[in-house]
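The block underneath contains the structure these notes are about, expressed in structure tokens.
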2 protein chains.
Amino acid sequence: MDGIDDIDKQLLRLLQQDAKLTTKELASQLGLTLSPVYERIKRLEGLGFIKQYVAVLDKGLLGQPITTFCQVSMRYHDKAFIDKFEEEVQKLEEVQECYHMAGQVDFLLKIHVGSLNDYHDFVKYKLSQIENIGVLNSTFVLKEIKHNLGYYIP
Amino acid sequence: MDGIDDIDKQLLRLLQQDAKLTTKELASQLGLTLSPVYERIKRLEGLGFIKQYVAVLDKGLLGQPITTFCQVSMRYHDKAFIDKFEEEVQKLEEVQECYHMAGQVDFLLKIHVGSLNDYHDFVKYKLSQIENIGVLNSTFVLKEIKHNLGYYIP
DNA sequence: ATCCATGCCGAAAATTTTTCTACAAAGTGT
DNA sequence: ACACTTTGTAGAAAAATTTTCGGCATGGAT
């Protein structure tokens with residue numbers, strides 16, 4: 001947490017919940033005037049604490065109500081195969097997240113699709129087309145219990 | 001995708017990548033003038049397609065470089081135990097996401113901490129304190145291969 | 001004690017958001 | 001075919017916000 005103070009932290013907490021808060025509103029919540037708040041935001045952007053601003057959409061309304069986690073293990077662990085897998089995964093738009101994991105399984109993928117049928121097609125015609133996949137194990141999300149968009153800031 | 005057209009979809013694609021784009025910039029990219037773009041955004045917000053706007057922070061700079069996925073199974077599956085677990089998980093600030101899953105394991109948790117030590121403390125003093133947990137299986141993220149912030153919009 | 005750096009304030013300028021009126025195209029009912 | 005309504009867009013004006021800038025305090029260093 002190099003070089004940021006409690007005011008900066010509070011600013012980050014507020015902005016990661018609502019990026020549309022105006023400098024004016026932020027200033028009043030922080031007990032400052034416009035200028036210092038404005039400068040702090042620019043500084044936090046410059047330092048990389050704030051990476052970007054995004055609109056959060058409703059995946060249900062977008063027609064992708066199904067979320068699954070898919071565990072993938074490679075048959076062989078040559079660097080070339082690993083690189084190839086990572087490269088191919090980037091291209092699959094259904095894959096929202098992909099992590100290289102420690103432990104039994106090599107990769108964990110988070111996938112969004114519109115229906116079970118779409119998931120079937122995704123696995124059969126896209127994912128399993130990637131070379132050298134050994135194990136492929138999918139589990140479905142029944143319910144989202146918690147999904148924080150921001151991080152905990154100590 | 002009830003009641004939104006291709007222009008709306010393109011608008012959503014742009015905004016979920018960069019919510020700071022001005023109406024002017026959006027208008028020029030969409031080949032429209034300010035007013036229709038402005039009204040479309042308000043409409044998409046009203047319909048719930050756009051849920052909120054957030055700043056995306058850098059978890060490494062915030063001192064939480066470690067991500068783990070933790071699979072949890074309950075010993076007994078009475079509704080009261082399930083409810084209690086879901087309730088307690090909400091309170092744990094290290095837990096960024098929690099899903100009730102189909103399959104062998106009951107819950108999947110995504111957790112952010114600052115160090116392996118922090119993770120140890122989290123499991124020992126917080127997570128495992130919740131009643132009725134049977135299996136608890138943690139796997140660490142070695143590398144983030146892909147992390148789309150937005151959804152794929154067909 | 002003076003100088004310099006840092007952070008904040010307040011006001012002005014630039015830009016954007018928001019509102020409002022009007023026009024054109026598409027669909028509906030007579 | 002005609003008038004009517006609805007929908008979506010354009011353009012301009014008003015309101016609000018962002019951005020810039022000069023100045024004032026506080027604190028540390030020389």
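Here is how names work: the chains are called A, B, and so on, in the same order as the sequence lines, proteins then strands, and each is numbered from 1.
A/K20 has its NZ atom 7 Å from the P atom of C/dT17, to the nearest Å. Rounded to an integer number of Å, the gap from CG of A/D18 to P of D/dT17 is 13 Å. Whole-Å rounding puts the A/D8 CG to C/dT6 P distance at 15 Å. Straight-line distance from the CG atom of B/L15 to the P atom of C/dT17: 11 Å, rounded to whole Å. When rounded to the nearest whole Å, the span between CD1 of B/I41 and P of C/dT16 equals 13 Å. Atom NZ in A/K24 sits about 16 Å away from atom P in D/dT19, given to the nearest Å. A straight line from CD of A/E25 to C1' of D/dT18 spans 14 Å, rounded to a whole angstrom. When the P atom of C/dT15 is taken as reference, atom CG of B/L21 falls 17 Å away, rounded to whole Å.
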### Message
Counting primed atoms plus P, OP1 and OP2 as sugar-phosphate and everything else as base, spell out the protein contacts along nucleotides 8-13 of chain C at 4.0 Å heavy-atom distance: B, S or - for each nucleotide, 5' to 3'.
### Response
SBBB--
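Between A/H112 and B/Y151, the ring center distance clears the sub-6.0 Å criterion. When ring centroids are compared, A/F85 and A/F107 come within the 6.0 Å threshold.
Salt-bridge check for B/K146 with A/E87: failed, with every basic side-chain N at 4.0 Å or more from each acidic carboxylate O.
Looking at every heavy atom in both residues, A/L11 comes nearest to A/I41 through CD2-CG1, 3.9 Å. Across every non-hydrogen atom of B/E86 and B/H100, the tightest pair is OE2-ND1, 3.7 Å. The shortest non-hydrogen separation linking B/V54 to A/Q17 is CG1-O, 3.9 Å.
Of the N and O atoms on the side chains of B/Y99 and A/T67, not one donor lies less than 3.5 Å from an acceptor on the other residue.
The salt bridge (charged side-chain N to carboxylate O under 4.0 Å, His left out) check on B/E93 picks up B/K126, with sequence neighbours excluded.
Using a 4.0 Å cut-off on heavy atoms, none of the residues of residues 42-58 of chain A approach DNA chain C.
With A/F69 as the aromatic partner, A/K110 does not meet the cation-pi criteria of under 6.0 angstrom to the ring centre and within 45 degrees of the ring axis.
Put simply, A/Y38 has a side-chain N or O that comes within less than 4.0 Å of OP1 or OP2 on D/dT19.
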